[in-house]
Undergrad: 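Can you keep this structure in mind? I'll have questions shortly.
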Amino acid sequence: MEWTIQELAARAGITSRALRHYDSTGLLTPSRVGANGYRYYDAGAVLRLQRILLMRRLGMGLPAIAKVLAEEVDAAEGLRGHIAALEEERERLDRQIRSVRQTLEVLEAGGEPRMDVMLAGFNDYYKDEVIARWGERAFRVSNDWWHGKTLEQQRAWKRDAEDLVAAWVDLAKAGISPQSDKAQELAARHVRWLSRIPGTPTFDGDRERSIEMVIGVGDMYVDDPRYAGMYDDAAGAAFVQDALHAYARSGM
């Protein structure tokens, strides 16, 4: 079965001019050219065009696409890569839809949308960090869990987090030891709070990785400038770090 250039352009939703350009650059040559000068495309050419259109949709330029196709050995492996990229794009679009829907709900209720909610799915700020620390699954599952919450559920979660931070600040100012019973009880509460987040080692019940995560979270509160001031000052952050480290060593 073959299609003419006009048939292929119509079915692919592009112009005949684009197909002629692909031909002139060697990106997609016709399967054959008839005696009348017409270009004809068979199933192999259509498969290649599908690949080109997918990569264009993912934002790749024509030179980069040509390089990928030239270096590719296994077309099936390339298609599997496209599927993974498209699934990731679908997940991103789903997050954007949830974000816009929440914004609409707040506006219709006469409220003021939160800035972080409005941009959810447009720029996942912590994505690379979460993947580097705990893997891609941890990001995907926890991110879907968070953006799947209603606005009120997100607010309730934020209130719980703020209550936990306030409790830490009070203990740090009380001058007690991070190894004290009160501090260790609060550390246990902190770990229970973390264990409510799907995708994390604490949620999955992975003891060794949970210990590593809790120690890493404690370090993050001290080392990461984005968390500066969360626990009132550097001394407060260090208190939380020491308490979490102690709990990870002896309470988990």
Side-chain angles (χ1 to χ4, degrees), residues 1-104 113 115-132 134-148 198-199:
M1 181 178 180
E2 293 179 321
W3 286 334
T4 65
I5 189 172
Q6 290 82 9
E7 289 172 328
L8 180 58
R11 290 173 181 271
I14 58 178
T15 64
S16 299
R17 180 180 179 183
L19 288 173
R20 286 193 291 270
H21 177 64
Y22 293 167
D23 182 12
S24 67
T25 59
L27 187 61
L28 177 66
T29 58
S31 307
R32 69 180 180 91
V33 178
N36 54 7
Y38 285 5
R39 295 171 171 88
Y40 293 90
Y41 298 83
D42 63 10
V46 173
L47 171 60
R48 187 175 176 90
L49 178 60
Q50 181 194 52
R51 306 285 310 287
I52 294 168
L53 296 178
L54 284 169
M55 286 186 274
R56 288 289 285 166
R57 182 66 59 88
L58 294 171
M60 293 178 64
L62 294 182
I65 293 172
K67 186 172 185 294
V68 168
L69 294 176
E71 295 177 351
E72 184 175 85
V73 176
D74 185 354
E77 185 62 29
L79 289 172
R80 282 190 284 270
H82 288 319
I83 290 171
L86 289 168
E87 287 176 341
E88 182 176 335
E89 177 70 5
R90 180 179 61 189
E91 291 171 0
R92 186 183 66 82
L93 289 172
D94 285 343
R95 292 194 296 274
Q96 290 184 1
I97 290 169
R98 288 194 294 265
S99 169
V100 175
R101 183 174 288 123
Q102 286 188 343
T103 301
L104 177 61
M115 291 187 292
D116 61 333
V117 172
M118 285 190 286
L119 294 182
F122 293 88
N123 181 19
D124 295 306
Y125 188 73
Y126 295 102
K127 178 179 180 178
D128 292 341
E129 179 181 346
V130 172
I131 291 176
W134 299 300
E136 186 170 352
R137 175 183 173 275
F139 170 78
R140 177 173 50 79
V141 174
S142 61
N143 197 58
D144 288 346
W145 162 80
W146 175 252
H147 293 303

Undergrad: What is the distance from atom CH2 of W3 to atom CG of L8, rounded to the nearest 0.5 Å?
TA: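 One finds 6.5 Å between CH2 of W3 and CG of L8.
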Undergrad: Using a 4.5 Å cut-off on heavy atoms from C-beta on, say whether the side chain of L62 contacts that of H21.
TA: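 Counting from C-beta outward, H21 and L62 do come under 4.5 Å.
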Undergrad: Any heavy-atom pair between the side chains of Y41 and L49 that's under 4.5 Å?
TA: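 L49 does not reach Y41 side chain to side chain.
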Undergrad: Please round to the nearest 0.5 Å and tell me the distance separating atom OG1 of T29 and atom CZ of R48.
TA: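 That separation rounds to 7.0 Å.
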Undergrad: Taking the side chain as everything from C-beta on, heavy atoms only, tell me whether I5 gets closer than 4.5 Å to P30.
TA: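 Not touching, per the 4.5 Å side-chain cut-off.
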Undergrad: Going through the distances and angles, do K67 and E71 end up as a salt bridge (Lys or Arg N to Asp or Glu O under 4.0 Å)?
TA: CA-CA 6 Å; K67 186 172 185 294; E71 295 177 351; 2.8 Å; yes
Undergrad: Does a side-chain heavy-atom distance below 4.5 Å link T4 with Y40?
TA: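 Sidechains of Y40 and T4: in contact.
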Undergrad: Do V68 and M55 have side-chain heavy atoms sitting under 4.5 Å apart?
TA: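 Yes, their side chains come closer than 4.5 Å.
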Undergrad: Going from OG on S31 to CE on M1, what distance comes out if it is rounded to the nearest 0.5 angstrom?
TA: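 Going from OG on S31 over to CE on M1, the span is 12.0 Å.
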Undergrad: Write down the atom of L28, the atom of A45, and the distance for their closest heavy-atom approach.
TA: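 Reported closest heavy-atom pair: CD1-O, 3.5 Å.
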Undergrad: Donor-acceptor pair, distance only, cut-off 3.5 Å: does the side chain of R20 make one with the backbone of T15?
TA: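 Judged by distance alone, no pair lies under 3.5 Å.
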Undergrad: First locate atom CG of D23, then atom CZ of R39, and finally report the distance between them rounded to the nearest 0.5 Å.
TA: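 Interatomic distance, D23 CG to R39 CZ, rounded to 0.5 Å: 4.5 Å.
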